[in-house]
Amino acid sequence: MKQNLDYKLIFALSAVGIIWGTTFLGIRVAVETIPPWFVTSIRQGLAGLIMMTILLFKSELKWIGWENLKHQLVPSVLMIVIANGFTTIAEKTLPSGLASVISALSPILIFLGSILFGLQKMSLKGFIGVIIGFSGVVFIFKDGLGSFLDADYRAGMVFMGFAILAWAAGTIYTKTHVNKSNNITLNLFYQFTMASLIQLVLASIFSPNPDLSSWTLRSISAALYLSIFGSVIAFFCYNYALKHVTAVQVSILSYVNTIIAVFLGWLLLDEVITIDFIIATALIILGVFIVNYKKKEKKVA
């Protein structure tokens, strides 16, 4: 018997790759006039309200119990408060392209972490695929690699370093607890709500007197885009995908994110796409293919 294609999974993976490729640009635009912690608090707060509305409509809003709340608090703090929050802070000083190349280190961390926690076996094929994909990302920005040594970017790069560590840890934790609860929407409602409250406290500490009149429509629109697409849709698809494939297979989509980020630079900011970009794209696609390729197993009669 032939296995049917899982169109939901294909859609989920495509959505994660495409949408999170656009969020680096979205964050960069949002923090132009809105303090970073307010961007993240607004983003996750609105996402939580959207999830709550969906749950109320489906009559599924309920208390999940202290044990499951703990399971939602961990990824909420690691992936949303720290990873998402620190990326937003980093992009106050870092170019979005440089932020995306640093974030593309996360599949390597997730690959190593998955082996460490027994989520998958050590595989030369997987390691080669991850490294080839990352080499493609580096190839895109090889002319700008000197930016890593730029003193003005140092603080932003430290924040990005903590962000990718937190993201990797949160992904591995989510994967190990992925079957504890089947209602992704309910889980994300709690994750977004807790993250938003924490980020609101951080916003009040680090930006105690925000000048709302200076917030431009452009930045507010970017924050709304980040909330609806970057949080509600992409996080749902990411969690759905984690239920069906390995953490490394989902995480390697961050390489695709980089292609999208550069393409948007060409489309919206008139940046030039060079032969280097085409070669890098080929490397990234090859890396994704190697990690995801499986030989068809012959069924024993």
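In what follows, every heavy atom counts, from backbone to side chain, and hydrogens, waters and symmetry copies are set aside.
For the residue pair Ala234 and Ile19, the shortest heavy atom distance occurs at CB-CG2, 3.9 Å. Nearest heavy atoms, Lys175 versus Leu242: NZ-O, 2.6 Å. Taking all atoms of both residues into account, the shortest heavy-atom contact from Gly230 to Thr23 is CA-CG2, 3.9 Å. Here the closest non-hydrogen pair linking Ser207 and Pro210 is O-CD, 3.4 Å. In terms of heavy-atom proximity, Arg28 sits nearest to Thr93 at NH1-N, 4.0 Å. Residues Leu69 and Met194 approach most closely at CD1-SD, 3.9 Å, considering heavy atoms.
Connection of Leu217 to Leu224 is not established within any shared hydrophobic cluster, with ILVMFWY side chains joined at heavy-atom distances below 4.5 Å, either directly or through further cluster members. Residues Leu197 and Val39 do not share a hydrophobic cluster, clusters being chains of Ile/Leu/Val/Met/Phe/Trp/Tyr side chains in contact below 4.5 Å. Both Val201 and Trp37 belong to a common hydrophobic cluster when Ile, Leu, Val, Met, Phe, Trp and Tyr are linked at side-chain heavy-atom distances under 4.5 angstrom. Residues Val232 and Phe57 do not share a hydrophobic cluster, clusters being chains of Ile/Leu/Val/Met/Phe/Trp/Tyr side chains in contact below 4.5 Å. A continuous path of hydrophobic side-chain contacts links Phe236 to Tyr225 [ILVMFWY only; heavy atoms under 4.5 Å].
Atoms CG and CD1, from Leu200 and Ile205 in turn, are 10.0 Å apart once rounded to the nearest 0.5 Å. Here CG of Leu56 is found 8.0 Å from CZ of Phe189. Values are rounded to the nearest 0.5 Å. Annotation: the span from Leu25 atom CG to Leu226 atom CG amounts to 9.5 Å, rounded to 0.5 Å. Taking CG from Leu49 and OG1 from Thr193, the interatomic distance works out to 7.5 Å, rounded to the nearest 0.5 Å. Between Leu9 atom CG and His244 atom NE2 the span is 6.5 Å, to the nearest 0.5 Å. Rounding to the nearest 0.5 angstrom, the gap separating the CD1 atom in Ile172 from the OG1 atom in Thr174 is 10.0 Å.
Residues Leu78 and Val74 are in side-chain contact: their nearest non-hydrogen atoms beyond the backbone lie under 4.5 Å apart. In this structure the side chain of Val81 reaches within 4.5 angstrom of the side chain of Leu202, judged on heavy atoms. The closest side-chain heavy-atom distance from Asn183 to Leu55 is below 4.5 Å. Contact check for Phe229 versus Thr22: no side-chain heavy atoms found under the 4.5 Å cut-off. No side-chain heavy atom of Thr185 sits less than 4.5 Å from a side-chain heavy atom of Glu60. Under the 4.5 Å side-chain criterion, counting only non-hydrogen atoms from C-beta, Ile164 is in contact with Leu109. Residues Ile64 and His71 fail the side-chain proximity criterion, which asks for heavy atoms closer than 4.5 Å.
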**Message:** Working note: Gln72 + Asn68, criterion side-chain hydrogen bond (donor to acceptor under 3.5 Å, both in side chains); need CA distance, chi angles, decisive distance, verdict.
**Reply:** CA-CA 6 Å; Gln72 304 316 316; Asn68 195 17; 2.9 Å; yes
**Request:** Would you please test Thr216 and Ile220 for side-chain contact (heavy atoms from CB on, under 4.5 Å) and show each step?
**Result:** CA-CA 6 Å; Thr216 63; Ile220 293 168; over 6 Å; no
**Request:** Test Phe192 against Met51 for side-chain contact (heavy atoms from CB on, under 4.5 Å), laying out the working first.
**Result:** CA-CA 9 Å; Phe192 289 144; Met51 289 302 192; 4.0 Å; yes
**Asked** Stepwise, does the ring pair (Phe, Tyr, Trp, His ring centres under 6.0 Å) test hold for Trp66 with Tyr190?
**Response** CA-CA 12 Å; Trp66 291 108; Tyr190 280 96; over 10 Å; no
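Within 6.0 Å of atom OH in Tyr240, more than 12 heavy atoms from other residues, nucleotides or ligands are found, so the atom counts as buried in its surroundings.
Of the possible polar contacts, one joining the Gln199 side chain to the Ile80 backbone as a donor-acceptor pair under 3.5 Å is found. Listed for the Ser231 side chain is no donor-acceptor partner under 3.5 Å among the backbone atoms of Ile228. The backbone N or O of Trp215 sits nowhere less than 3.5 Å from a side-chain atom of Ser219 that would complete a donor-acceptor pair. A donor-acceptor pair under 3.5 Å is absent between the side-chain atoms of Arg43 and the main chain of Ala223, judged by distance alone. Checking side-chain atoms of Ser41 against main-chain N and O of Ser196 turns up a donor-acceptor pair under 3.5 Å. Judged by distance alone, the side chain of Lys92 and the main-chain N or O of Pro36 form no donor-acceptor pair under 3.5 Å.
Centroid-to-centroid, the aromatic rings of Phe235 and Trp20 come within less than 6.0 Å. Between Trp167 and Tyr238, the distance from one ring center to the other falls under 6.0 angstrom.
In this model, no donor atom of one side chain and acceptor atom of the other lie less than 3.5 Å apart for Gln44 and Ser227.
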